[in-house]
Participant: 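Before I ask anything, let me first share the structure, which is written out below as C-alpha cells.
All values derive from a computational prediction rather than experimental measurement.
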Amino acid sequence: MIRFVAGLALAVSLLAAASVPAPASAQDARQDEPGQFDFYVLSLSWSPSFCAAAHDSGRSGGAQCGARPYSFVVHGLWPQYEKGFPEFCMQPSPRLYHGIMESMLDLMPAPRLIYNEWDKHGTCSGLSARAYFETIRKARAAVKIPPDYVDLKDPLSVAPDAVRDAFVKANSGLAPGSIAVDCDNRRLTDIRICLAKDLQFRDCPEVVKRACRRDQIVMPPVRGG
C-alpha cells in the first residue's frame, strides 16, 4: 500500500511538472539577448483598418485618424528568431529622446507606438535608439507599395493572396515566402515582410504560416478618399 501511494504521488508530481509552461529559454537559447537574432520583420499597418477598428470600439485612434490621409504606415521593425522572437531585452530600456520620436512621426504617426516599439523591439536590436530608427527608415524605403494601394478611394474586397502577389510584383527580389498578409475577422491589418540584417528580402516560413487564411478581406479607403 505504501509503495502504491508513493508511486501515485510520483505520477502526480510528474504530471504537474509536464503541465508547467516551458521557460522562455526553451524558445531560443539566445532569448532576449540584445543583438542576438536572425532577421527582422517589417510590419506595415493599413491605417484605414486601424481607424475603422478604433471607430467600431468608440475610440478616436489619435492623430493617425485625423484629417491627414494615411495608407500603409510603419507598425514596427521586429527582431526575430527562426522560431519565436525576443522582446523587452533591456529593462529598464535606455531613454528614447523626444527628438528621435518626433523625427519618426512621418512614418509612425503615433508617439505612444514609437516609444513602445523602442521598449519592446528596439532594445533587442543591439542598436542605439538613433541607429534603430534609422534602420526602420531604411527598411521602409526598401519596400515599394503597389500603386493600387497608395491612394485607395473606395473600399476594396480582395483575397489576401492577391495583396501578397501585388507586393511581390512591385518589389524586385521579394518572394511569396518572404511576406505575410495579416487580418482581423474581416479587414486587412498588416503586411509583414521579412528582411535579413542587411535589409535584403529573405524567406521566413514561421511568419508566413501565420498569415491570414480568409478567402476575402476588406481594405477600407484612405481617409478623405
Participant: If only atom types and distance count, is the side chain of Trp118 paired as donor or acceptor with the main-chain N or O of Phe133 below 3.5 Å?
Facilitator: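 Not confirmed, Trp118 side chain does not pair with Phe133 backbone.
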Participant: Is there a path of hydrophobic side-chain contacts, each under 4.5 Å between heavy atoms, that joins Val41 and Val168?
Facilitator: no
Participant: A side-chain contact here means heavy atoms from C-beta on lying under 4.5 Å apart; do Gln80 and Cys204 qualify?
Facilitator: no
Participant: Look up atom OG1 in Thr189 and atom CG in Leu44, then write down how far apart they are to the nearest 0.5 Å.
Facilitator: 11.5 Å
Participant: Going hydrophobic residue to hydrophobic residue with side-chain gaps under 4.5 angstrom, can you get from Met90 over to Phe88?
Facilitator: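 No, it is not one cluster - the side chains of Met90 and Phe88 are not joined through contacts under 4.5 Å.
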Participant: Tell me the side chain to side chain donor-acceptor pair (under 3.5 Å) pairs involving residues 122-138, sequence neighbours left out?
Facilitator: Asp106-Arg137
Participant: Could you name each residue pair satisfying side chain to side chain donor-acceptor pair (under 3.5 Å) that touches residues 209-218, not counting sequence neighbours?
Facilitator: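 For residues 209-218, and leaving out neighbouring residues, the side chain to side chain donor-acceptor pair (under 3.5 Å) pairs sorted by first residue read Ser157-Gln216, Glu206-Lys209.
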Participant: Do any N or O atoms from the side chain of Asn171 and from the backbone of Val143 form a donor-acceptor pair under 3.5 angstrom?
Facilitator: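 Not a single qualifying donor-acceptor pair exists.
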Participant: Does the side chain of Ser49 reach to within under 4.5 Å of the side chain of Met219, using non-hydrogen atoms?
Facilitator: no
Participant: Whether the side chain of Trp46 engages the backbone of Ile191 through a donor-acceptor N/O pair (distance < 3.5 Å, no angle test) should be reported.
Facilitator: no
Participant: Given the rule that I, L, V, M, F, W and Y join up when any side-chain heavy atoms are under 4.5 Å apart, are Val74 and Met104 in one cluster?
Facilitator: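 Yes, Val74 and Met104 fall within the same hydrophobic cluster.
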Participant: Do Tyr81 and Pro86 have side chains that get closer than 4.5 Å, going by heavy atoms?
Facilitator: yes
Participant: To the nearest 0.5 Å, what is the distance between CZ (Arg164) and NZ (Lys169)?
Facilitator: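 Answer for the CZ-NZ pair, Arg164 versus Lys169, is 14.5 Å.
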Participant: Give me the atom names and distance for the closest heavy-atom approach of Phe39 to Ala196.
Facilitator: CB-CA, 4.4 Å
Participant: Does any non-hydrogen side-chain atom of Cys124 lie less than 4.5 Å from one of Pro34?
Facilitator: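 Sidechains of Cys124 and Pro34: no contact.
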Participant: Is any side-chain heavy atom of Tyr149 closer than 4.5 Å to one of Val163?
Facilitator: yes
Participant: Roughly how far, to the nearest 0.5 Å, is the CZ atom of Arg112 from the CE atom of Met101?
Facilitator: 12.0 Å
Participant: Would you check if Leu199 and Tyr40 make a side-chain contact, meaning some heavy-atom pair closer than 4.5 Å?
Facilitator: yes
Participant: Would a single hydrophobic cluster contain both Trp78 and Tyr115, if residues Ile, Leu, Val, Met, Phe, Trp and Tyr are joined by side-chain heavy-atom contacts under 4.5 Å?
Facilitator: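 No, it is not one cluster - the side chains of Tyr115 and Trp78 are not joined through contacts under 4.5 Å.
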Participant: Below 4.5 Å, heavy atoms only, C-beta onward: do Phe50 and Cys65 meet side chain to side chain?
Facilitator: yes
Participant: I'd like to know if the side chain of Ser45 and the backbone of Val73 have a donor-acceptor N/O pair within less than 3.5 Å.
Facilitator: no
Participant: Nearest 0.5 Å, what's the CD1-CG distance between Ile179 and Leu174?
Facilitator: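 The distance works out to 5.0 Å.
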Participant: Hey, could you give me each pair passing side chain to side chain donor-acceptor pair (under 3.5 Å) that has a residue in residues 87-104? Not counting sequence neighbours.
Facilitator: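 The answer is Ser93-Asp119, His98-Glu102.
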Participant: Calculate, to the nearest 0.5 Å, the distance between atoms CG and CG belonging to Leu77 and Leu195 respectively.
Facilitator: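 Here the interatomic distance stands at 7.0 Å.
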Participant: Does one hydrophobic cluster hold both Val222 and Ile145, with members joined at side-chain heavy-atom distances below 4.5 Å?
Facilitator: yes
Participant: Between the side chains of Arg186 and Asp184, is the shortest nitrogen-to-carboxylate-oxygen separation below 4.0 Å, so that they form an ion pair?
Facilitator: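 Salt bridge: no.
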Participant: Is there side-chain contact between Val181 and Ile217, with heavy atoms separated by less than 4.5 Å?
Facilitator: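 Yes, at least one pair of side-chain atoms sits under 4.5 Å.
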Participant: If every non-hydrogen atom of Ser172 is compared with every non-hydrogen atom of Phe201, which pair is closest and at what distance?
Facilitator: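 So the two residues come closest at O-CE1, 3.6 Å.
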Participant: Just checking Phe72 against Phe167, ring centres under 6.0 Å apart?
Facilitator: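 Yes, close enough.
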Participant: Nearest heavy-atom pair of Gly35 and Lys197: which atoms, and what distance?
Facilitator: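 Minimum heavy-atom contact is O-NZ, 3.4 Å.
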Participant: Calculate, to the nearest 0.5 Å, the distance between atoms CZ and OG belonging to Arg202 and Ser178 respectively.
Facilitator: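 Between Arg202 CZ and Ser178 OG, I get 8.5 Å after rounding to 0.5 Å.
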